[in-house]
Amino acid sequence: MSEGCSKKGASFIVLISTSIQFNTQIYFSKMSSKESCRNELRTAIRQLSDRCLYSASKWAAEQLVGIEQDPAKFTPSNTRFQRGSSSIRRRFRTNEITSTPPTGFAYVSTPVMEEDEAIHGDFYLLAKSYLDCREYRRAAHVLRDQTGKKSVFLRCYALYLAGEKRKEEEMIELEGPLGKSDAVNRELVSLERELSTLSKNNMIDPFGLYLYGLVLKEKGNEILARKVLVESVNSYPWNWSAWSELQSLCTTVDILNSLNLSTHWMKEFFLASVYQELRMHNESLSKYENLQGMFTFSNYIQAQIGKVRYSLREFDQVEVIFEDLLRNDPYRIEDMDTYSNVLYTKEYFSALSYLAHRVIMTDKYRPESCCIIGNYYSLKGLHERSVMYFRRALKLNKKYLSAWTLMGHEYVEMKNTPAAVDAYRRAVDINPRDYRAWYGLGQAYEMIGMPHYALHYFQKSVFFQPIDSRLWIAMAQCYESEQLHMLEEAIKCYKRAANCNDTEAIALHRLAELHRELGHPEEAAFYYKKDLERMEAEEREGPNTVEALTFLATHYKTQKRFEEAEVYCTQLLDYTGPERETAKTLLRGMRIAQSGFPSMDVEHFHP
Amino acid sequence: MAGVVKAPAPGAFAITPHKVSLCILVHTYASPSQISVPFPFSSVSQHNRLGLYLLALTKSCDDILEPKLDQLINQLREIGGLLDDWLTDHVTSRLSSLSAPDDLFNFFNELRETLGGPDSGVMDDDQVILDPNSNLGMFLRRCILAFNLLTFEGICHLLTNIGIYCKEAISSSSYEHRLDDSGNDLESLSEYENMDLNLVFKKINEEMEARKKATEQVSFHLHLPKDLSTLVEDVEVFADPKPEHNEKGGESSSYASGDLLRDVDPDGGVFLRTNWQIQGYLMEQADAIEKSSCGRHGSSFTFNAFELTLRQLQKLAPEFHRVHFLRYLNNLYHDEYFSALENLHRYFDYSAGTEGFDFVPPAGSNDFGRFEIALLCLGMMQFHFGHPKRALEVLTEAVLVSQQQCNDTCLAYTLAAICNLLSEIGFSTTSGILGSPFSPMTNVGTSLSVQQQLFVLLNGSLKKAESLKLKQLIAANNLAMAKFGLTHVQRPLLSFGPKISMKLRTCPIVVCKELRSGYHLISDFCCEGSTMTTDGAFSTAWLKNLQKPMGSLVMSQDNGSGNNSNPFLFFTQPSSIPGSVLQLVGSSYLHRATAWEMYGSAPLARVNALVYATCFADASSSSDAVVVHVKLIQHLAAFKGYKEAFAALKIAEEKFLCASKSRILILKLQLLHERALHRGHLKLAQQVCDELGVLASSVTSVDLELKTEASLRHARTLLAAKQFSQAAAVAHSLFCMCYKFNLQVENATVLLLLAEIHMKSGNAVVGLPYALASLSYCQSFNLDLLKASATLTLAELWLSLGSNHSKTALTLLHGAFPMILGHGGLELCARAYITEAKCYLSDPSFSVSDNPELVLDPLRQAADELQALEYHELMAEAFYLMAIVYGKLGQLQQREEAASSFKNHIVALDHPHDADDPFLS
């Protein structure tokens, strides 16, 4: 029995190696790569769903449909199915990508997997049906004596799923007042034993390796898990689930760079997603845009681009992207929480309510749905209800990061600081790089009059997101607070804020004011001027303008630079109010001074 | 999901297999419908012993995890005596008979019968009924309640767990090979359940008996005469896998390493103890961490091991936030700044300061949280890590917040912390912060000096503590007050108005009063420190000493000096004074010692230090212990000479290995410097002195006290090198510094030194005012010994003014003699003797031949005393004088002897050689 098995394994390897040689020659022209991509994906979808890897096959199918069809070959009905309006796409794609994925050619083609013999195949069919009906243990039992690779994988996978299901149940059963006790997947140990034996004897296929990696990761053996998963994706790159697991194990750039991944277009997807998690947004965006050249109509890529742009705070574009996405894929729930965040920030009540209505009709018990409703209620100012829905989202997924943070915001609104702190802290403990939660913690502590304590959290948040001006401004305000009154530090923070694109233009104004208070007129003038320039560029006016003009006029007058002073004074004359009178007085004073002194002098001082 | 569910933990009483077996035992202990000694027990004492054992089991807090079945069986064997087989059989068979959920229901119903009804006030004498309100009764009731609250799934889990619990006992006792198929699948488990466990257990027990007989370790001791049995006990100590429990740190590490092993076990039924027991355990550990902070017990290991335990606890009970606090403590005392900070923040973020603090009023308004405590802790942490400025900022914020929240308790503690901070750090740095408009006591105004502010704060804190009846805080504040009274002059606080009430003196009576009020803490100690720890700790200790035969306390103490660190047995009334209180009381002794040191009574200082070292050594923090050792060694050096002092120092160095940077090192340098000065080894002296100076201004902050001492010693060295003008310059600048920072005691010392410098340089007239000034300082601060020594210098000055002043000098000297001889060290006495002799000799009206002993006696005494100090210069002088006297008396032989001794010492002084000195680095 085992002899036959090893023979099969050997033939499989030969198959791969021949296909490698064969495929190296194909991947050169764009069209053929598209076509071969399609073929690869088609085969992969079949193989993945044979092994009940549903989400991976779903993902692959999405990409398959996302590949742009050759317009010559297809009737309009076909393209209609794909995508309606691509006008928006054109609007926002600044650089049209014409080339194929830049990494060139992949050298692994879809391998033809061995098929089990007919009788065993029957058992396999029964087991797969059971599995499709979520009767995991029954499926595993049917396959207990099967030795084909597919059957072995399916049995192990069924056991794993059975263990996971039981674990989830136990988690609720055992939940005590001190938190859940350690509910574990009780199948892991035996699975690990079996899979490691198989892999030692080289009798394991890429799917088995994926499962092995999964088990290792759950057991906490991350290094080996990474190794196994890399092996799996190198020999069978179309399994997106394996890539996702690998991605969750890449927590730093160093780890990512240490991975020995062979080149394949799937790797681009992986890298884009890893960059996104590591907050390397621009890198991630360029990868996704590259991929879009090939997978033009992929909803997945579009949504990811939306998320990246959200992190880059380009809300207008994100809104357009998601609108487009929703038009083509109206029942999509994944990633829609990001869309709701955008709608929330832009305060689009009706759009948000429409979205909430739609998702709740589609699937009420998805964490994303609950989060969207929570956002909606929060926008309406009904914070208790909002909290309720965020809690529901967290019940569905305890590690749902943004729900914790958003719930923290709600508690802040409700003035329940301890609860807010608790919620934020949980977010931070799930992902220590979540700068929003750090920021929230800082705000909460500042709210209850502990600015010094809050500083620690603000420092953390700017450490993880040094390019966000709001964080710097928050920290600066903390330093400025009456209790601390550390103005030098506040100035440093405002400077950082001003350097990173402070959209609300608080930093410049505060910098000017602080310098004025501290008696640095030169610096104050510098920042007032900058602030004025900025306001002119943005065509804004307000009390700040008047203040800046007044200061500058007075400042230059005391400096005896009368010409500049006059310019500002005349500008001031356009405004009503007491400042106008001040300007008049200043002008008058200057005229007297100028008449008193020879005008030559003034020019002499001022080149 | 505990985002808002702050309602913690007291209800966390889960029913576990271990508790089920305890229930079985309790049921046996108090089985209904029996006469006074129930069936299996043969005597009342046996019966009682089981009761005590059960009581201890429910209280002990030596670990976070419940013991396994085999541990329980082992302990049962130790206490059960003849009954052990019966008891273990009973427990195991009862456990294994629970094979279906219904069995559990029946079992707990049966248990209920054990409890007397609520109305069963009248009890028959011969019937055993468990009082529902007794400890065991409560335990049983909680178990029953917890069981009744279980869902069906919960009962199924309990059943499964009981299976695992039993199975582990089997596999760990003898059937090692079964571990292989122990597996996790339910099938094999149910196989076990269906098997007749009873049978298996019998077999195992038989086999174990056989093995025991083969190794001849345990089973005899009950049948043997006592002395033989103790012999067996000794052997058993070796057989015990756990290390001997003589110190806390060791204990925790051994337990933790055990946990580590258990952690490897995939799903070996690990169950947490009750919340209460874990709290007790954690508090014990916190004490232990603090006590071993400077690493008396090999700290590095404890750190990791305890960290592992905490991690495991966190995994098992993620909502048990106190773990973070313990982790913070662990990091704090092992100088891990960043993780300490991180854990501190995490703890308070989760708990909002409302969990686990004893002094939080339980019915307080909890809706806001108690973040001011977070600030308090943060401030103390910053201080610990040497950021006094930051600490002061944080504490100031803490004061504000606790005022806003009307948390007076926290306010009192914060004020105390600020006082502590102010009195510890150099005063020069703080004035800027305290002057800010947000300083805690704004009403005082900013014109006060830091000391005055400190005094105000101390008073405020003391008053707050008194009004809140926080006994420990009162005592701590009293101590701080005493300390303040020791070192600072009390002036009227208002600087305006008529200055009639100016009082420029410290008051020993006040200091003693403050110190004494600290003792009252013991007598009316109330339950501010929690009793749960002590109670639990005694139970733990008792469980560990199970092997001690009951009732033979005397015998066990006779032979058990090695393995018995705790003299209490369970039935003796434990003096339940928590460690923190003991520590406070101990440090009041330490303060006393310091006070006496300053006021000039060496014997009293020594007595107090000794009392501390003997009585409070267990409870002391290691820094206090170091201080006491330093004091005792200094005393040795002054009264017994360097040889003994260095021997003692060596012992102390071994004892406080990791603390080498701190006071021990300083002490070593001090001793080396003094000896080098005495031996005339000036280069070495200067080198040592420089090292001291380096220690004084470390990276973190300047230790003003040490800095003063270093430059004082520098001046001394210069003086010994006869570079008078330089010495005078150094001393002068030192005096300026001391005056600036109000270091009064040092002022007096420096003045005295200046006087000496001038005297040695031959300017006795210039020296006189310095000596007098020093004298007046000493008087106003009650520095008696220093005063005596100043008087001696004054006498010497008078003497060097000319022979006609020798009468004055002698009078002065005789006035100071009682003090010098009673309390002074060797050097001072010798100097006094020599000066006395010189006075007599220079007195023109005194003739040697009339009364030679009047001169010779003090000179001999001086020579004897100086011998221990190896003080060549003074010895030479003494022998020189002796030779002159002998010469005048015509005793030539003695004169030659004295002269040759004189020559020897002069030679030794001029050619200092490194004698065999292991301490020279």
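Throughout, protein chains are lettered first and strands after them, A, B, ... in sequence-line order, and every chain is numbered starting at 1.
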What is the minimum heavy-atom distance between Gln404(B) and Ile448(A), and which atoms define it?
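Looking at all heavy atoms of both residues, the closest pair is OE1-O, 4.3 Å.
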
If you define the side chain from C-beta out and look only at heavy atoms, does anything of [X] sit under 4.5 Å from [Y]?
| X | Y | value |
| --- | --- | --- |
| Asp349(B) | Tyr424(A) | no |
| His452(A) | Arg390(B) | yes |
| Asp429(A) | Tyr350(B) | yes |

Side chain, backbone, both or neither: which part of [X] has a heavy atom under 4.5 Å from chain B?
| X | answer |
| --- | --- |
| Leu441(A) | side chain |
| His485(A) | neither |
| Lys415(A) | neither |

Could you work out, with ring-ring contact (aromatic ring centres under 6.0 Å, His included) as the rule, every residue matching His384(B), not counting sequence neighbours?
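In terms of ring-ring contact (aromatic ring centres under 6.0 Å, His included), with neighbours along the sequence ignored, His384(B) is linked to Tyr333(B).
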
Keeping Glu397(B) on the side-chain end and Tyr453(A) on the backbone end, is there a donor-acceptor pair under 3.5 Å?
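Pair found, side chain donor or acceptor close to backbone of Tyr453(A).
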
Could Glu342(B) and Arg425(A) be called an ion pair, given the rule that one side-chain N must be under 4.0 Å from one carboxylate O?
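Yes.
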
Atom CD of Glu372(B) and atom CE of Met450(A): how far apart are they, to the nearest 0.5 Å?
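One finds 7.5 Å between CD of Glu372(B) and CE of Met450(A).
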
Within 6.0 angstrom of Arg385(A) CZ, more than 12 heavy atoms from elsewhere:
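At most 12 heavy atoms, drawn from other residues, nucleotides or ligands, come within 6.0 Å of this atom.
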
Evaluation steps, side-chain contact (heavy atoms from CB on, under 4.5 Å), between Glu170(A) and His157(B):
CA-CA 9 Å; Glu170(A) 273 182 13; His157(B) 279 293; 3.4 Å; yes

